[in-house]
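Before any comments, here is the structure.
Residue indices begin at 1 and follow the sequence shown. Counting starts at 1 for both ligands and their atoms, in listed order. None of these values were measured; they are calculated from a predicted model.
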Amino acid sequence: MTSLLRTCEPPPHRLRFSLPSRSRLGGRTATPSRLLPSARSRRLVAATAAMTTASGELGKGIAEFYDESSGLWESIWGDHMHHGFYDAGAPATITGHRMVEEALRFAAVPDDPLKKPKRIVDVGCGIGGSSRYLAKKYGAKCEGITLSPVQVKRAQALAIAEGLEDRASFQVADALKQPFPDGQFDLVWSMESGEHMPDKTKFVGELARVAAPGATIIIVTWCHRDLSPSEESLQPNELNLLNKICNAYYLPAWCSASDYVKIAQSLSLEDIKTADWSENVAPFWPAVIRSALTWQGFTSLLRCGWKTIKGALAMPLMIEGYNKKLIKFAIIACRKPM
Ligand code: SAH
């Protein structure tokens, strides 16, 4: 999502936002050497090591944020808390399922009854919009995890209301320390949760760990632009803009889509594909802002209080980031080897 509702208090981890971007992936042995933190940033990485699971301040902030804001988001935009996918020139409407379908198509997830996914994990599930859609589409079992207890309750209630309680289940759990044994799922799904992860290498490592041999892994996430070969990090004015967005929406440091690709390669994942869908999501933020300016949106925002309003005021920064080609809306799909 990252909606008008990713608002609330600035996270207490601003330190990270000024790291050179190549160091923002979390240091693990699987990290290729060119991604290893530079000497300059090692101290800062060490300082943030305590936040590589969601048990830290960041995780608490994310949980509280979604506890507070999910109801408002649902009342305005429905149960899918992510960008919409739009054709060029098409008006922005509520198209949650379109984004899900585009991601499945991009990753070539098979519809064939013999090959379609049967066990799915939805990492950072929100109130389970993707989980229920995928469970229905494939007749699969889907397990969703989120940091927000309020989201779990709502996701469960919606699953019961749709008669899906035996196929879509939800729990509070950390994506960086998932409560599943190795090799469980034949579709591993992360729709707009990666941007919240303070350690991208650990994040992708967990996605790969719970994936069954041959499983498809799909990550749809906010990234920053790729760095040019001569660049060590983003420009100061770019970092400044991202800092403001992080402060409004409980996000740690960002990385690029090619950083994700390098992580996937380092984990020996196969058929790695990525695409920049920034153009396809461009109408989204203007539409969110328009919805916030309706009577319902406006009164809901007011009821949520100043922190939510402050977040809403930060929404134009997302548009600025896309316009400046700094923010990229990326999909990364890959497969775990057989
Ligand atoms: N995928 C959902 C929700 C996206 S909002 C949808 O498309 O509707 C981001 C979600 O990521 C929230 O549910 C939030 O709780 C979850 N999240 C963020 N960090 C997480 C973490 N470390 N572990 C599990 N969930 C996390």
Exercise. Are the side chain of Lys118 and the backbone N or O of Lys116 linked by a donor-acceptor pair below 3.5 Å?
Worked result: yes
Exercise. With a 4.5 Å heavy-atom cut-off, do Val220 and Ser190 have their side chains touching?
Worked result: no
For this session: Enumerate the atoms of ligand 1 whose separation from the nearest heavy atom of Ala175 is less than 4.0 angstrom.
Result: 21 (C), 22 (N), 23 (N), 24 (C)
Problem set entry | Pick from Pro198, Ala173, Gly128, Gly144: the one approaching atom 24 (C) of ligand 1 most closely through a non-hydrogen atom | Ala173
For this session: Under 4.0 Å from a heavy atom of His196: give me the atoms of ligand 1 that qualify, with their elements.
Result: 9 (C), 18 (C), 19 (N)
Exercise. Of all the atoms in ligand 1, which lie at a distance below 4.0 Å from a heavy atom belonging to Glu192?
Worked result: 4 (C), 5 (S), 9 (C)
For this session: Any atoms of ligand 1 less than 4.0 Å from a non-hydrogen atom of His80? List them with their elements.
Result: 8 (O)
Problem set entry | Nearest-option assignment for atom 13 (O) of ligand 1, heavy atoms, candidates Gln151, His82, Glu206, His83 | Gln151
For this session: Measure centre to centre between the rings of Phe180 and Phe185, then say whether the value is under 6.0 Å.
Result: yes
For this session: Establish, from distance only, whether the side-chain atoms of Thr146 and Ser148 form a donor-acceptor pair under 3.5 Å.
Result: no
Problem set entry | Mode of Ser190 contact toward ligand 1 - side chain, backbone, both, neither (heavy atoms, under 4.0 Å) | neither
For this session: Ignoring angles and geometry beyond distance, decide whether Thr146 reaches within less than 3.5 Å of ligand 1 through its nitrogen or oxygen atoms.
Result: yes
Problem set entry | Trp285 and His83: CA distance, side-chain angles, deciding distance, ring pair (Phe, Tyr, Trp, His ring centres under 6.0 Å) verdict | CA-CA 8 Å; Trp285 285 99; His83 283 68; 5.8 Å; yes
Exercise. Taking both backbone and side-chain atoms of Ser130, is any N or O found less than 3.5 Å from an N or O belonging to ligand 1?
Worked result: no
For this session: Measure from NZ or CZ of Lys200 to the centre of the six-membered ring of Tyr260, then state whether that distance is under 6.0 Å and the direction lies within 45° of the axis.
Result: no
For this session: Specify side chain, backbone, both or neither for Ile62, according to which of its non-hydrogen atoms lie closer than 4.0 Å to ligand 1.
Result: side chain
For this session: May I ask whether Cys125 places a heavy atom under 4.0 Å from ligand 1?
Result: yes
Problem set entry | Arg225 bridged to Glu231 by N-O distance under 4.0 Å | yes
Exercise. Are side-chain N/O atoms of Glu101 and Tyr133 paired as donor and acceptor at under 3.5 Å?
Worked result: yes
Seminar exercise, completed: Rounding to 0.5 Å, atoms OH (Tyr138) and CG (Asp186) come to a distance of 10.5 Å
Problem set entry | Proximal atoms of ligand 1 relative to Asp174 (non-hydrogen, under 4.0 Å) | 21 (C), 22 (N), 23 (N)
Exercise. For ligand 1, which part of Met191 has a heavy atom less than 4.0 Å away: the side chain, the backbone, both, or neither?
Worked result: both
Exercise. Who's closest to atom 20 (C) of ligand 1 heavy-atom-wise, of Ile127, Val100, Leu147, Asp79?
Worked result: Leu147
Exercise. Of all the heavy atoms in Leu176, does at least one lie under 4.0 Å from an atom in ligand 1?
Worked result: no
Exercise. Quick one: does Met197 get an N or O within less than 3.5 Å of an N or O on ligand 1?
Worked result: no
For this session: Check the pair Ser130 / Asp122 against side-chain hydrogen bond (donor to acceptor under 3.5 Å, both in side chains), numbers first and verdict last.
Result: CA-CA 7 Å; Ser130 292; Asp122 183 359; 4.5 Å; no
Exercise. Measuring from Asn323:CG to Ser278:OG, what's the distance to the nearest 0.5 Å?
Worked result: 11.0 Å
Exercise. Which atoms from ligand 1 have a heavy atom of Tyr66 less than 4.0 Å away?
Worked result: 5 (S), 9 (C), 12 (C), 14 (C), 15 (O)
